Structures are given as structure tokens and as C-alpha cells.
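A quick note: this is a predicted structure, and the numbers were derived from the prediction, not measured.
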Amino acid sequence: MSLDRRFRLTQLFIPAVLAGAIVAVSFLEPRFLSSRNLINILMQAAPLVIASLGQAIIITAGDIDLSQGAVVALAGVAGVVVGVQTDSVLLAWLTVAVAGASLGALNGILVGWFKIPAFIATAGMLTYADGFAFLTSGGLPVEFPPDGYSWFGRGFIKGVPVSVPLMVITVLLCWLVMERTRVGRAIYLVGDNRDAARIVGLSPERYRLYAFCIGGFLTGLAAIVLTGRIDSAPPSLAPSLQFETIAAVAIGGINMTGGHGQIWRAALGAAPIAIVTNILNLLGVDTAYQLVVIGSVTIVVVAFQYVSRLPISLKWGLAK
Amino acid sequence: MVASVLMSATKLTKRFGTNIVLDGIDFTLQEGTVHVLMGENGAGKSTFIKMIGGLLQPDGGEIRIRGNTVDLRNPAVAAAHGVRVVHQEIHLAPTLSVAENIFLNAMPRRSFGRIDRRKMRQDAAEMLSRLGVRLDVDAPVETLGVAQRQLVEIARALARKAEILILDEPTAALSAAEVDALLERLHLLKAQGLGLIYISHRMEEVRRIGDVVSVLRDGRLALSQPLAAVTDDALIEAMIGRSLETISTRAEGALGQTALHVQGLSCADVFEDVTFSIRAGEVVGVVGPLGSGFVDVGRVIHGVQPMSQGMISVFGKDHRPEPRRSMEAGIAFVPEDRKQTGLMLKSSVRRNASAGLLRELTKRAGFIAGGDECRKVDDIIHSLAINTPDASSPVTTLSGGNQQKVVLGRWLLRNPRILILAEPTRGVDVGAKEAIYALLRQIAGRGGAVLVLTSDLMEAALICDRVKVMRRGRIVDELPKQKLSVAALVNSLYGDGGAARVA
């Protein structure tokens, strides 16, 4: 009983705090609840949500991806370069997505077959992709992609930004894959217990690779939105993206050691980050302060969840 | 020596939720004596020693030490009252020296918190000499053998001025000669007036060291008497609740073709030159000392641990071990450690039970047929009588026995032709144990080939048609059905003249 109650409290915590913040801010700043601002928040949130889904899938497989920020930069640069060369929007988009998935696959191979801990392999990838993005772009933003490239970033359909339905569809698809397909289920089982999974014939290496490929593809998708938004590809576009997505996964309440937690929760976890950022922007808070606030929010929310989930004995510092 | 009561427990009771694991236990330990504690896995032995050692608090009853009622609210308090537990698994820091390990946490100090190494080495040498052991106090513990490490653990307990020493299956990993040496040393401690609580399953040892014996069964005291006054049969009966004859009803089905044949199988540093075959309808056991790696035979055949040499054939066909291939060939493998390698502990009962059947459950476009999955899992929950509120409950909410049934059920869903089980009833309550035994007999009766890798000799004697005995990684003996008994297995496994004492 008490376990149930604790669980429900945890689930209500984020929505409650958010609701409180929203009410408070709408008094302070009437513009907050305007439809324009709400659409703005969704647009801001879209790439973060998409990349967070990728991170969530990788974390669920028992790994972590520290290379997302650099992958966004390299995949974006590669795509825009291809776009400029071929003048094909489709080819440019495809390049970004394929580059993301390939870099993800490389992560997966390093982690699965070369047995390098994900923490280190993806940190290496972070540096590598960063450097490569600078080399490819000559250190300056790659500009003037073909017309229409920015559609996912700042296009609208009947007043709705394209990135918003893209985000919604991505959440649904990821949820479907993870809950209903064999690959998704195997990712959960491998993330829960690699040795046990191997015994029942599920190769941990293979499914961790799949998770990294899917994660890389989603990072590429986020890169299409991010580069589209500014219609150019700077070699450092979202350098700390991986930390925001990890925070989103943690805030969403997905198990950070893998194997547990529904994937849509990553979107739930990205929401407070996007909303708090927007609020601070509206209130005209300096960027440095914004970082401090978002960092604190992340730590408080995650700490609350961890403590509320601990069995009583652990809370009192007693081992079982 | 005037025997005075060191420790006593009255009406000691412990519950976990609604489950009563210890029910009104009375227990007395005299100075200078060894009180043997016996009982099957899950009988409540470890709960009992955890309460004496301060790791668990009783829900009822009281503990007295030297006549005073004590509240052992944590291990430090228990230690202050002179209680020390030497656990089955050895808890030493491998890179530190013998002396450092003995005084870990309590190193003698000089001014400014500096460690007084000279005193520490002297004191360590003294502790070891009380045990009658000669060891280099500067040697790193990792250079010592298991038996020596055990002695370091005991010396460490002595260093904390232990008066009540609890030894949890101290000989599980020792050879016959090492057991002799250890028992001699324990006699020394006894003579020094310590009270020992000694947990073991081995009759022979128990007879040599014990003064008094208590047997726990299902959380109750089944027997408590001076050892000299009880026969081995009476002890066994007290442990399992009835005499052996009544349950040794093995399936007597006709045997079919050879299902599994293993020839000269070796696994580097674990076992070598293992040869046996199992026919359809047969239950074959391989026994060895707990934790000695012999269960890895199963891991190698299934393909989760590499083989270094040998040949395996399944129904006459050459088998290259790899989990998926093994599964396709009809092999099922229940590993020895439920929590480490058996279950996905963060997942539900359903996801655990269906984990080995994902490929078969996958219909169009990689989607899992949810309805089929639910139906199959519900069926197996029902047929194995797995006690769970429903299939979506987290698997950790189940008792050990029911968790083990989930692992078994996962494999039964595949209708295996060859079932390999390592320590199938470790940490499982008596009821579930019976159910698992019945199930194995049933599977063999229907023509399945069953390989049981176990350190539980009673289990091997009960359910197997024949048993191979493994010592130090080699098969040294085979006991056919007619000769199979716990005593014969003890003899064969621990041998070296232990025979006379067992009989």
C-alpha cells in the first residue's frame, strides 16, 4: 500500500511543480499563456524531446550517450554540405539522419564488440565528432542549404510548426517500438540483465548496437530541426545537448541503470526543462542564471525521485 | 571447566511481511561448547544468525548475553557484546596484508592518527598463534588459499575479542585435509572458552566438532539435543520432516535414445575431461562442493562460457554451443544464480517468463503478439502454481521459490527436450522445492533428459537416477541408482577416510 502511494506521489510531483510554476508565472508575465508563447515552447521543446527519446532508449539498453551534442554538429554540417553540393533537400535531410545513425552504430560497435564502457566510448566519439565537424566546416557555419531545408525547423502547417507534429509522431513511434516490438522488448531485457539475456538467446551486443543506432538516428532527426531553425549548420550547435537529454531522462523517472521505465517519460522529463527555460527567457533572466536554475531544478527533481523510491531500510543508511 | 551460559535466546520470532520466517526459537550457547545449527535452505538459519549478529531485529522474544537482555540493533552493538559472524563468503580486502586485514577498521594507533604497524604485526601474529596457525602477517591476502583466508577471517574475529563466534558453513570450499586442520583449530578456541555456533550440513564434521545440535525446519525448532544422543537418521528426518524412504519415489520410465553426450569436455581453469551421456527420460546428477565451479558444465554446454576442449552432441548431432543454437536444439538452461544470471529483476513476471520465447511470439513486422504472450504466461503461472497477484507484478515481489518457478516456467514454455539445471533449489522454501522435484520427475517421465548440477547431496540422492561426483574439476566417481544415498555421496565427495565416521 505505502509503496503504491509513494509511487503515485512521485508521479504527481513533476506535474504539480510545473503547474505551480506556470500559475505563478502567468501572474507575473501575462505573455506566458499567450498562444504564441505556448507554440513557441513546443517548438523549442521539439528537438530536445526527440534527442531525449534517443538518449532514453540508449540508457534503457544499459548504456549512455555522451556524444549527442557533437553528433548533432557533425551530422548537421555533413547534411548542409551535401545539400549545398547537390541542391537536393531530401538528400540533405537523409544525410543528416544517416550520419546520426552511423555515428550511433559506431558507438554501438565500440561498446558491444570492443567492450569499451559506453561512458568512455561515447566521450571519445564526442571529441572525434566535434573535431571532424570543425574540419569539415573550416570552423565556420556552413550556410545556404537548398530552399526548403528549414521546413522541419521553422515551417508551419496551418499555423502549427512542423516540428511539433514531428515530435508527437516520434514519441508515439518510439513508444510503439519499445513496448510492442521484439527489438524494443529485447532492449529492455538486455538493459535489465545482460547475463540473463544472453542465456535466453538475446545477444546483448546486438541489441545494444540497435539501441545506439536508433538513438543516433533520433539525434540526427533533432539535428535536422536544429539546423533547419537557423537554416545553417554551425560546427558547435548544441554542445551540451547530451546533458540536457540525460537530465530529461532522469527527470522523467526512467531507470538510469537500464531495463525499466516507459520511453514517453523522456518527453515528460524534457517538458520542465523547456518550460523553465522559456519562463526565464520571458522574465529576462540572464543566461548564466538560467543555467544555475535549470541545473538546480534537475538535481532537486531527480533527488526527490531517488529518495522517494528507496526502500526504508536504505533511507536510514542500513544495508539489507 | 564450569560451563556457564554465554548466550541464550527465548521465543525468538521474525516476520517478513506476513511471512513468519522464525517462530519462537529457544536457543542456548554454553561457554566452551560448539552448538551446531542445521536445517535446509530456507529453514531460517541465516535469519537466526543475522539476528544474533545484529543485522536483523527480532519481532518477538529476547536475546540474553551472559544473562543480560541485549538489544543488538546493529552489527557494531553485537560486536561490542562479543558476537562475531564469519560468513560463508569471505570478506577480506585482497590487496592488503594479513595483518591489515585482521585489524581492518581497528588498527592500533600512534599519535596524530598514525598506524602503529609494529604493534599491529605483533598482535596479528598473536591472534594467529591462538589459532595455532603460522602465516606471514605481511603477505597480501590475495596470495593465500581459501582455507588460509578462512583462518584470517577467524583471526580477525578474535582480534575484536569475540566470545561468541558464528561460523556459517566454514568448510563449504575446503578440501578434506583443510577441513581437518580447521576443526583442530576450532577445538583450540573451544578450549579457550569461546562459544561457537557452527552451521553445516556435513554429518561427519558436525559429529567431530559439535556438542549440542539444533535443527530448524520451516522456521521452527525441529530438534535440540546433545549430539551424542541423536542418530544421523534422526537429524535428517528432523531436517526434512519425514524419513528419506517416503519421498524417494523416482520416476521409473523406460529410457529412450541418448539425448546429450559430452566427451572430454574442458573449460580452462574450471574443469577438465568431463564425459557423460544422458538418455531421454533420465535424470542425471553431477555433484560437487558448493561454489567450486562444477556447475559451469551447464554454462559451457549451453554456450555462455567458452569450452577449451571436448565435444558435445545432442540427439546424435554435433553441437557447437551458443545460447540461440542450444535453444533451437531443445536445450534449456536454468543457471545457478537466480539473481545474477537468471532473472531480469527490474522486469515483470510476464516479461521474465516470456523472455526465452520472443522469437516465437513475434508475428508481423517484428511486433510481439501480446495476446499470445499473456495467454502462455498465464498458463504457466497456473500450471506451476506460481504465487503472484498477476503477471504484471515486478518479479522481485515474489518469494525465492516462486522466482525460481518463473525461471523454470520460462524454459518449460519452450518444451525443452534437454533440461539442464544448476543448483535448482538454492534459496527455495521447502514447499517450492517439493514442487520443483515433482516437476523434474514429471518431465523425465514424459521423455525429457534432465541434468542436475547440485551441491545439495540430499537433492541429488532424491531425484537422480545416477550421479557423477566431481572433485577439483574432475569426475572422480559415479554412483548408480542402487548405491545412491546421501551417505554414499558424502563419502565419495569428501572421502579420505571420512567414510567410517559417516556410517
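In this structure, A/Phe217 places its CZ atom where only 12 or fewer heavy-atom neighbours from other residues, nucleotides or ligands lie under 6.0 Å away. Sparse packing is recorded around NZ of B/Lys376, with 12 or fewer heavy atoms of other residues, nucleotides or ligands lying under 6.0 Å away. Under a cut-off of 6.0 angstrom, the local environment of NE2 in A/His260 is sparse, with at most 12 non-hydrogen atoms contributed by other residues, nucleotides or ligands. Around the NZ atom of B/Lys317, the shell of radius 6.0 Å holds no more than 12 heavy atoms that belong to other residues, nucleotides or ligands.
B/Ser354 touches chain A through its side chain: at least one heavy atom from C-beta onward sits under 4.5 Å away, while N, CA, C and O do not. Neither the backbone nor the side chain of A/Ser203 comes within less than 4.5 Å of any heavy atom in chain B. Only the side chain of B/Arg410 comes within contact range of chain A, with at least one heavy atom under 4.5 Å from a heavy atom of that chain. No part of B/Leu361 comes within reach of chain A, as not one of its non-hydrogen atoms sits under 4.5 angstrom from that chain.
In terms of heavy-atom pairs under 4.5 angstrom with chain B, the leader among A/Thr257, A/Leu189, A/Asp195 is A/Leu189. Here B/Gln340 is the residue among B/Gln340, B/Arg414, B/Glu328 with the most heavy-atom pairs under 4.5 Å with chain A. Contact tally against chain A (heavy-atom pairs below 4.5 Å) for B/Met344, B/Glu373, B/Arg325, B/Arg324: the top residue is B/Met344.
Scanning both residues, A/Gly259 and B/Ser347, for their nearest heavy atoms gives O-OG, 4.2 Å. Shown here for B/Gly342 and A/Ala196, the closest heavy-atom pair between the two residues is O-CB, 3.5 Å.
Contacts with chain B (heavy atom to heavy atom, under 4.5 Å) involve these residues of residues 170-185 of chain A, listed by number: A/Leu176, A/Glu179, A/Arg180, A/Thr181, A/Arg182, A/Arg185.
Side-chain atoms of A/Ile199 and B/His302, non-hydrogen and from C-beta on, do get closer than 4.5 Å to each other.
Note that CG of A/Asp192 and CG of B/Asn352 are 7.0 Å apart. Values are rounded to the nearest 0.5 Å.
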